[in-house]
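Quick notes on the structure that follows.
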Amino acid sequence: MLPWALLLAGAGSLLILLDLFGAPARAVGLVAVIAGTVLAAPFADRPGAASGSWWTMLAAGSALALAGTAVALGIDTLGGLLAVVGGALVAVGAVLGYPAR
(Lines give C-alpha, C1' and ligand atoms only; values in the text may rest on other atoms or scores of the structure.)
Protein backbone atom coordinates (compact mmCIF):
# COMPACT_ATOMS: atom_id res chain seq x y z
CA MET A 1 0.00 0.00 0.00
CA LEU A 2 2.80 2.44 0.89
CA PRO A 3 4.55 2.28 -2.50
CA TRP A 4 1.27 3.06 -4.28
CA ALA A 5 0.51 5.96 -1.96
CA LEU A 6 3.97 7.44 -2.51
CA LEU A 7 3.72 6.95 -6.28
CA LEU A 8 0.36 8.72 -6.23
CA ALA A 9 1.80 11.63 -4.25
CA GLY A 10 4.87 11.77 -6.48
CA ALA A 11 2.80 11.79 -9.67
CA GLY A 12 0.64 14.55 -8.23
CA SER A 13 3.71 16.61 -7.37
CA LEU A 14 4.93 16.25 -10.96
CA LEU A 15 1.62 17.58 -12.24
CA ILE A 16 1.95 20.55 -9.89
CA LEU A 17 5.61 21.21 -10.69
CA LEU A 18 5.52 20.80 -14.47
CA ASP A 19 2.26 22.70 -15.02
CA LEU A 20 1.99 21.40 -18.58
CA PHE A 21 -1.77 21.07 -18.77
CA GLY A 22 -2.99 24.14 -16.88
CA ALA A 23 -5.25 24.55 -13.89
CA PRO A 24 -7.26 21.30 -14.24
CA ALA A 25 -4.06 19.22 -14.14
CA ARG A 26 -2.81 21.18 -11.13
CA ALA A 27 -6.10 20.47 -9.36
CA VAL A 28 -5.81 16.75 -10.15
CA GLY A 29 -2.21 16.86 -8.93
CA LEU A 30 -3.25 18.52 -5.70
CA VAL A 31 -5.93 15.88 -5.09
CA ALA A 32 -3.37 13.13 -5.81
CA VAL A 33 -0.83 14.67 -3.43
CA ILE A 34 -3.34 14.96 -0.61
CA ALA A 35 -4.70 11.45 -1.21
CA GLY A 36 -1.19 9.99 -1.29
CA THR A 37 -0.29 11.78 1.93
CA VAL A 38 -3.40 10.54 3.73
CA LEU A 39 -2.86 6.97 2.48
CA ALA A 40 0.80 7.04 3.58
CA ALA A 41 0.02 8.35 7.08
CA PRO A 42 -0.30 4.93 8.77
CA PHE A 43 3.26 4.12 7.64
CA ALA A 44 4.85 7.30 9.01
CA ASP A 45 6.63 5.51 11.85
CA ARG A 46 7.90 2.51 9.95
CA PRO A 47 11.53 1.58 10.54
CA GLY A 48 14.02 1.32 7.72
CA ALA A 49 13.13 4.47 5.82
CA ALA A 50 15.97 6.52 4.34
CA SER A 51 14.96 9.41 6.56
CA GLY A 52 12.77 9.46 9.63
CA SER A 53 11.14 12.70 8.58
CA TRP A 54 9.89 11.62 5.16
CA TRP A 55 6.22 11.78 6.15
CA THR A 56 6.70 15.21 7.73
CA MET A 57 8.09 16.42 4.40
CA LEU A 58 5.15 14.84 2.60
CA ALA A 59 2.60 16.47 4.91
CA ALA A 60 4.30 19.88 4.88
CA GLY A 61 4.54 19.77 1.10
CA SER A 62 0.86 18.88 0.80
CA ALA A 63 -0.09 21.75 3.08
CA LEU A 64 2.09 24.21 1.15
CA ALA A 65 0.68 23.06 -2.19
CA LEU A 66 -2.86 23.46 -0.87
CA ALA A 67 -2.05 26.90 0.55
CA GLY A 68 -0.39 27.87 -2.72
CA THR A 69 -3.51 26.98 -4.65
CA ALA A 70 -5.65 29.12 -2.37
CA VAL A 71 -3.22 32.06 -2.41
CA ALA A 72 -2.90 31.88 -6.21
CA LEU A 73 -6.54 32.93 -6.49
CA GLY A 74 -5.48 36.38 -5.33
CA ILE A 75 -1.71 36.63 -5.85
CA ASP A 76 -0.43 34.46 -8.70
CA THR A 77 3.29 34.78 -8.02
CA LEU A 78 3.19 33.96 -4.32
CA GLY A 79 0.70 31.15 -4.82
CA GLY A 80 2.81 29.63 -7.57
CA LEU A 81 5.91 29.83 -5.42
CA LEU A 82 4.18 28.10 -2.51
CA ALA A 83 2.85 25.39 -4.82
CA VAL A 84 6.30 24.76 -6.32
CA VAL A 85 7.97 24.55 -2.90
CA GLY A 86 5.19 22.23 -1.71
CA GLY A 87 5.49 20.04 -4.79
CA ALA A 88 9.26 19.77 -4.33
CA LEU A 89 8.84 18.79 -0.68
CA VAL A 90 6.31 16.13 -1.64
CA ALA A 91 8.65 14.73 -4.28
CA VAL A 92 11.60 14.54 -1.85
CA GLY A 93 9.43 13.04 0.90
CA ALA A 94 8.09 10.41 -1.49
CA VAL A 95 11.60 9.42 -2.59
CA LEU A 96 12.90 9.21 0.98
CA GLY A 97 9.88 7.24 2.19
CA TYR A 98 9.81 4.74 -0.65
CA PRO A 99 10.58 1.29 0.77
CA ALA A 100 13.84 -0.29 -0.31
CA ARG A 101 12.28 -3.78 -0.38
Side-chain angles (χ1 to χ4, degrees):
M1 175 72 148
L2 178 61
W4 292 108
L6 293 176
L7 286 173
L8 181 65
S13 73
L14 282 177
L15 285 174
I16 292 170
L17 289 171
L18 295 179
D19 194 23
L20 293 177
F21 306 109
R26 281 194 313 264
V28 169
L30 183 63
V31 169
V33 162
I34 292 171
T37 301
V38 169
L39 291 173
F43 303 98
D45 294 336
R46 77 174 169 80
S51 170
S53 61
W54 66 271
W55 193 84
T56 305
M57 287 179 165
L58 204 64
S62 297
L64 280 174
L66 182 62
T69 302
V71 170
L73 296 174
I75 307 168
D76 282 340
T77 305
L78 181 59
L81 180 63
L82 288 173
V84 165
V85 170
L89 272 175
V90 168
V92 170
V95 168
L96 290 177
Y98 200 83
R101 294 180 183 204

Tabulate below the donor-acceptor pairs under 3.5 Å that side-chain atoms of residues 75-94 make, not counting sequence neighbours, or state none.
none

Could you list the donor-acceptor pairs under 3.5 angstrom formed by side chains in residues 23-33, with sequence neighbours left out?
from : atom 1 : to  : atom 2 : distance (Å)
R26  : NH1    : D19 : OD1    : 2.7
R26  : NH1    : D19 : OD2    : 3.2

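Under the 4.5 Å side-chain heavy-atom criterion for ILVMFWY residues, a single connected hydrophobic cluster contains both L2 and L8. Residue L96 is not grouped with residue L17 when hydrophobic side chains (ILVMFWY) are merged at heavy-atom distances under 4.5 angstrom, including chains of intermediate members. Under a hydrophobic-cluster definition in which Ile, Leu, Val, Met, Phe, Trp and Tyr are linked whenever side-chain heavy atoms come within less than 4.5 Å, directly or via other members, L58 and L7 are assigned to the same cluster.
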Derivation and outcome, side-chain contact (heavy atoms from CB on, under 4.5 Å), residues W54 and V95: CA-CA 8 Å; W54 66 271; V95 168; over 6 Å; no
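The backbone N or O of G36 sits nowhere less than 3.5 Å from a side-chain atom of W4 that would complete a donor-acceptor pair.
Taking CZ of F43 as the start and CG of L6 as the end, the distance is 9.0 Å to the nearest 0.5 Å.
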